[in-house]
**Q** 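Next up is a structure, given as structure tokens.
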Amino acid sequence: MKKLLILFLIASTAFSCKNTQSTASKDNSDPSKYVKLISEKDLKEMLYVIASDEMEGRETGSAGQKKAGLYMIDQYKKSGVSFPKGASDFYQHIPASYLNARRNQNLPDSENIWAYIEGSEKPEEVLVISAHYDHVGIKDGEVYNGADDDGSGTVAVIEMAKAFAKAKKQGHGPKRSILFLHVTGEEHGLHGSRFYSENPLFPITNTIADINIDMIGRRDVEHANTNNYVYVIGADRLSSDLHNAVVAQNEKYIKMDLDFKFNDPKDPNHFYERSDHYNFAKHGIPSIFFFNGVHEDYHGKGDEPQKIEYDALTKRTKLAFVLAWDLANRENRPVVDKK
């Protein structure tokens, strides 16, 4: 009887240790292995499809935009990333009545596209990574392909999701959940992000931050001699934590020049209010906007994939990825300490 008791205690201890090890927090402190998965080749391949004439300029609700959406969803499926919990598919449908309510432009029904990786330890807390996938369509018979605006952000979000999916398969998935959100109607007034913020799949109070990517594939005249920069807008408007995080992650892993020129509240361009992060910031969500600035082909027919600087697109995507990695895995969510 005594021997049986000893054997039972040994077995119980072994099971307890094994169970503790299996539920122990993964060490996700270093993204180096997975940031290397951000591929210039993949980004270029996807962008040449997203910004092709076949997509007809991706006007909100158009057949071309829907075709681009199907291609994007196929990319997620191939990498094993599904639609979010609580959703029935990859679409958040937006009725024409909503899109035309403020200024009737006869837009048809459209949809946001979302994909999702559930967190391993704090799944109820959600990081949103956003980019708009619409553009301005066809004008006077010319297709406006919007490779930089915002094909570049669109493919960056997909590529980041692929890297996070690979990390999860290898046991290093994010501790918080990540919603990869491609919004529609940005060119007509930030409609898609406004719709999500008013009809969120996950509670806004559980949304820890928004990383928004809108135009990261070119350079502006202010940086004629280098593409090793990115404009960072909004990070410190609500949270010094978010600002400190992007500075720290850039310094440690990417070493790109962070330009805060357009973050000045007095900047006459008001870029802070002009992209989709703003609809999260309005709800008190710490938000950051990565941007390469305006160039000669902004909203022009010359915004084509052959003009993208793919080394810059890749490096900026990597910066967004290491920031997302940090936010998804850190102990505490970014504190809102500003108004």
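Keep in mind that the numbers below use all heavy atoms, side chains included, and drop hydrogens, waters and symmetry copies.
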**Q** Set out, in order, the CA-CA distance, both residues' side-chain angles and the distance that settles salt bridge (charged side-chain N to carboxylate O under 4.0 Å, His left out) for Glu309 and Arg219, then state yes or no.
**A** CA-CA 8 Å; Glu309 299 183 51; Arg219 72 177 79 183; 2.7 Å; yes

**Q** Would Lys139 and Tyr144 count as a cation-pi pair here, with the cationic atom under 6.0 angstrom from the ring centre and within 45° of the axis?
**A** yes

**Q** For the residue pair Arg316 and Tyr229, would you count it as a cation-pi contact if the rule is NZ or CZ under 6.0 angstrom from the ring centre and within 45 degrees of the ring axis?
**A** yes

**Q** Quick one: do His243 and Phe260 satisfy ring pair (Phe, Tyr, Trp, His ring centres under 6.0 Å)? Show the steps, please.
**A** CA-CA 11 Å; His243 172 82; Phe260 296 98; 5.3 Å; yes

**Q** Any chance you could lay out the ring pair (Phe, Tyr, Trp, His ring centres under 6.0 Å) test for Tyr71 and Tyr76, step after step, and finish with the verdict?
**A** CA-CA 9 Å; Tyr71 173 78; Tyr76 282 114; over 10 Å; no

**Q** Going through the distances and angles, do Asn100 and Asn106 end up as a side-chain hydrogen bond (donor to acceptor under 3.5 Å, both in side chains)?
**A** CA-CA 6 Å; Asn100 294 299; Asn106 294 314; 6.0 Å; no

**Q** Determine, using the 4.5 Å side-chain heavy-atom cutoff (strictly less than), whether Ile38 and Val81 are members of one ILVMFWY cluster.
**A** yes

**Q** Any chance CG of Asn104 has more than 12 other-residue heavy atoms, nucleotides or ligands included, within less than 6.0 Å?
**A**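 Atom CG in Asn104 is crowded, with more than 12 foreign heavy atoms closer than 6.0 Å.
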
**Q** Classify the angle between the aromatic ring planes of His172 and Tyr34 as parallel (below 30°), tilted (30 to 60°) or perpendicular (above 60°).
**A**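 Tilted: the ring planes of His172 and Tyr34 meet at 30° to 60°.
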
**Q** Check whether more than 12 heavy atoms from other residues, nucleotides or ligands sit under 6.0 Å from atom NZ of Lys338, and answer yes or no.
**A** yes

**Q** Please walk me through it: do His223 and Tyr231 pass ring pair (Phe, Tyr, Trp, His ring centres under 6.0 Å)?
**A** CA-CA 11 Å; His223 300 85; Tyr231 289 109; 5.4 Å; yes

**Q** Does Lys44, at its NZ atom, have more than 12 non-hydrogen atoms belonging to other residues, nucleotides or ligands within less than 6.0 Å?
**A** no

**Q** Please identify which of these residues, Phe180, Phe90, Phe202, meets the side-chain contact (heavy atoms from CB on, under 4.5 Å) condition with Pro84.
**A**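 When side-chain contact (heavy atoms from CB on, under 4.5 Å) is applied between Pro84 and each of Phe180, Phe90, Phe202, only Phe202 qualifies.
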
**Q** Can you check side-chain hydrogen bond (donor to acceptor under 3.5 Å, both in side chains) on Asp210 and Ser130, steps first, answer last?
**A** CA-CA 7 Å; Asp210 173 48; Ser130 61; 2.9 Å; yes

**Q** I'd like to know if Lys315 pairs up with Asp311 as an ion pair, taking the criterion as any Lys NZ or Arg NE/NH1/NH2 lying under 4.0 Å from an Asp or Glu carboxylate oxygen.
**A** no

**Q** Can you tell whether the side chains of Asp297 and Arg218 come within less than 4.0 Å, N to carboxylate O?
**A** yes

**Q** Tell me whether the count of non-hydrogen atoms from other residues, nucleotides or ligands lying under 6.0 Å of NZ in Lys282 goes above 12.
**A** yes

**Q** Go through the steps to decide whether Ser275 and Asp214 satisfy the test side-chain hydrogen bond (donor to acceptor under 3.5 Å, both in side chains), and finish with yes or no.
**A** CA-CA 7 Å; Ser275 192; Asp214 190 353; 2.8 Å; yes

**Q** Start with the C-alpha distance between Phe164 and Phe321, add both sets of side-chain angles, then the distance that settles ring pair (Phe, Tyr, Trp, His ring centres under 6.0 Å), and finish with yes or no.
**A** CA-CA 9 Å; Phe164 274 110; Phe321 178 82; 4.6 Å; yes

**Q** Assign the ring pair Phe291 / Phe262 to parallel, tilted or perpendicular, where the plane angle (0 to 90°) is split at 30° and 60°.
**A** tilted

**Q** Establish, for the pair Arg237 and Tyr272, whether the NZ or CZ atom is under 6.0 angstrom from the six-membered ring centre and no further than 45 degrees off its axis.
**A** yes

**Q** Tell me whether the count of non-hydrogen atoms from other residues, nucleotides or ligands lying under 6.0 Å of NZ in Lys307 goes above 12.
**A**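 Result for NZ/Lys307: enclosed.
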
**Q** Do you reckon Val128 sits in the same ILVMFWY cluster as Phe195, going by side-chain contacts under 4.5 Å, direct or chained?
**A** no

**Q** Just to verify, which of Thr314, Ile158, Ile308 counts as forming a side-chain contact (heavy atoms from CB on, under 4.5 Å) with Leu43?
**A** Thr314

**Q** Is there a donor-acceptor pair under 3.5 Å between the side chain of Asp109 and the backbone N or O of Ala96?
**A**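 It does hold such a pair.
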
**Q** If hydrophobic clusters are built by linking Ile, Leu, Val, Met, Phe, Trp and Tyr wherever their side-chain heavy atoms come under 4.5 Å apart, do Leu190 and Leu238 end up in the same one?
**A** no

**Q** Pick from Glu56, Glu304, Lys301: which one makes a side chain to side chain donor-acceptor pair (under 3.5 Å) with Asn145?
**A**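 So the option named by the test is Glu304.
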
**Q** Considering only NZ, NE, NH1 and NH2 on the basic side and carboxylate oxygens on the acidic side, decide whether Glu111 and Lys66 come within less than 4.0 Å.
**A**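 Looking at Lys66 together with Glu111, the answer is yes, because their closest N to O distance falls below 4.0 Å.
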
**Q** Output, in order, the C-alpha distance, side-chain angles, deciding distance and verdict of side-chain hydrogen bond (donor to acceptor under 3.5 Å, both in side chains) for Asp150 and Thr154.
**A** CA-CA 6 Å; Asp150 185 29; Thr154 299; 4.8 Å; no

**Q** Testing Arg103, Arg102, Glu59 one by one against His188 for a side chain to side chain donor-acceptor pair (under 3.5 Å), which residue passes?
**A**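 Only one option passes, and that is Glu59.
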
**Q** Using a 6.0 Å cut-off, check whether atom CD of Glu331 has over 12 heavy atoms from anything other than its own residue.
**A** no

